[in-house]
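What follows is a set of notes on a single structure, which appears directly below.
Just so we're clear, the structure is a prediction, and the values are computed from it rather than from any experiment. In what follows, chains are A, B, ... by sequence order, proteins preceding strands, each numbered from 1.
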There are 2 protein chains.
Amino acid sequence: MSTEAASRRGVPDATVARLPGYLRALTALADDGVVSVSSEELSALAGVGPAKLRKDLSHLGSYGVRGVGYDVTMLAAEITEVLGLARDWPVAIIGMGNLGRALAAYRGFATRGFKVVAVLDHDERLVGLRAAGLVVQAMADLPALVREQGLAIGVIATPPESAQDVADQLVAAGVRSILNFAPVVLSVPGGVDVRKVDLGTELQILAFLAQQRTVPTTRTAEVS
Amino acid sequence: MSTEAASRRGVPDATVARLPGYLRALTALADDGVVSVSSEELSALAGVGPAKLRKDLSHLGSYGVRGVGYDVTMLAAEITEVLGLARDWPVAIIGMGNLGRALAAYRGFATRGFKVVAVLDHDERLVGLRAAGLVVQAMADLPALVREQGLAIGVIATPPESAQDVADQLVAAGVRSILNFAPVVLSVPGGVDVRKVDLGTELQILAFLAQQRTVPTTRTAEVS
DNA sequence: ACGCATTTGTGAACGCATGCACAAAGTCAT
DNA sequence: ATGACTTTGTGCATGCGTTCACAAATGCGT
């Protein structure tokens, strides 16, 4: 989608994008002590159709029992494995503005599988201060973080002007996974994955849909 | 994709999702004083292929000139119109935790077309305090906001437990566009649009891609 | 042990999106 | 005015994703 690969290892991109949702639903079920779910129930919890769920799961092998359903714990473990969440991924957040600080403190960020090992900022005046229990480090510390902490994922929470700069430094330091919150298109070399989260874009899509609702004209009488 | 409609008014969903990117690139060009762009240049700035860009733009009518390119100002105005950004959309942010406060202060939020008219929280102890220049209001004020301010879009930045509750209250108050930052699947009646931004999901997708990189096994020797 | 009810896994049809390749349409220079 | 060049707009083919519908497989009750 972003760079080159369309689908890897036989698991389609669209399926991968839904796996986190399934995993979340399964975790919730497990916490409630449920041991087995049907595709019908699980798909409802994840907000997709039952057929889609079954097809998705079929891409990672058969972990269901016909006539019964899926073993909650077993399936959760399998998805965790496929997504690569068995190990812990060290994450660094770059840019300690409003958004960066919020992300650093955000509980949802510390979901199983990820650990914020560092927060950095380009501004020397912020370096040394504490943010969300971590001491803000300088950009120059990036290579050391990769070497010593195994830093694998960089989250860009800077203003748009600095985003490409930060991306370049991340790549140079050896980080090959980037989550970008800045509203710019990053250019990175092949082999580096970038995913973008853009609030403005989402709002604009909502605006379009809202406008369509208020003007349900079919626009047929145009030839007049 | 989410609820019912696949594509409205002849403009495909996939195209709508890319229009904000084109608009951003065009705005940047206009600021630089550029008056005309080719599909080649513009598509590069937006990070898509030239053919895709032309096909996308063809869905909203012909605003280009063959042999020359697109008039930057004209095209920007047209996309602004189609996306429904000519008017201002009143937005409310619900949940004044770390994320909510950051969103309220986030400059990117005040992009042309949107205005944060209120911030609310369920917690009575926060009501009355100031956050990002606005006084935090109570959930009970929602209907009045819709009536008096024309509130159209609600941003949910609460913990997952309260998200469905807040969504219900938004819908009851008449809000039909919701941007959800909580990691839960919201159930809303038809005619209400929900878009979800999920940090955990994005990270997990990155983790999957990263793992695929480290284990480029083609998984062929399985039958043994 | 046997049949019935249930639910998965998947082959096949369909629809949407992408990318190619080229004709249509316009500009510019002479 | 004419020709050469440039760039859009689009018909067509291809591929991916979704959905349907059903056969295969399992459990359960008798």
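The interatomic distance linking L42(A) (CG) with dT6(C) (P) rounds to 20 Å, in whole Å. Computed from coordinates, the R54(A) CZ to dT19(D) P distance equals 12 Å when rounded to whole Å. When the P atom of dG17(D) is taken as reference, atom CG of D13(B) falls 16 Å away, rounded to whole Å. Distance CG (L53(B)) to C1' (dA17(C)): 15 Å, rounded to an integer number of Å. Protein atom CG of D56(A) is 10 Å distant from nucleotide atom C1' of dT18(D), rounded to whole Å. Residue E40(A) contributes atom CD, which lies 15 Å from atom P of dG9(C) at whole-angstrom precision. One interatomic measurement links the two molecules: CZ of R18(B) to C1' of dG19(C), which rounds to 12 Å at whole-angstrom precision. Rounded to a whole Å, the CG atom of L75(B) is 14 Å from the C1' atom of dG9(D).
From L29(A), atom CG reaches atom CZ of R24(A) across 13.5 Å, with rounding to the nearest 0.5 Å. L75(A) contributes atom CG, which lies 7.5 Å from atom CG of L60(A) (distance to the nearest 0.5 angstrom).
Annotation for A86(B) and E81(B): closest pair CB-OE1, 3.9 Å, computed over non-hydrogen atoms. The shortest heavy-atom contact between A118(B) and L145(B) is CB-CD1, 3.7 Å. Considering every non-hydrogen atom in both Y22(A) and L42(A), the closest pair reads O-CD1, 4.4 Å.
Residue-level contact check: G64(B) touches the backbone only, with heavy atoms under 4.0 Å from sugar-phosphate atoms and none from bases.
Applying the 4.0 Å criterion to OP1 and OP2 of dT7(D), one finds that Y63(B) has every side-chain N and O outside that range. Contact annotation: S39(B) side-chain N/O to dT7(D) OP1/OP2 distance is not under 4.0 Å. The side chain of R66(A) places no N or O atom within less than 4.0 Å of a non-bridging phosphate oxygen (OP1 or OP2) of dT10(C). OP1 or OP2 of dG9(D) sits under 4.0 Å from a side-chain N or O of S62(B). Between Y70(A) and dG9(C) there is a side-chain N or O to OP1 or OP2 distance below 4.0 Å.
In the set dA17(C), dG19(C), dT19(D), dG19(C) carries the atom at the smallest distance from any side-chain atom of A51(B). For S58(B), the listed nucleotide lying nearest its side chain is dT10(D); candidates were dT8(D), dT10(D), dT18(D).
If G49(B) and V65(B) are placed on DNA chain C by their nearest nucleotide, the residue sitting closer to the 5' end is G49(B). Taking for each of G69(B) and K55(B) the nucleotide of DNA chain D with the nearest heavy atom, the 5'-most of the two is the partner of G69(B).
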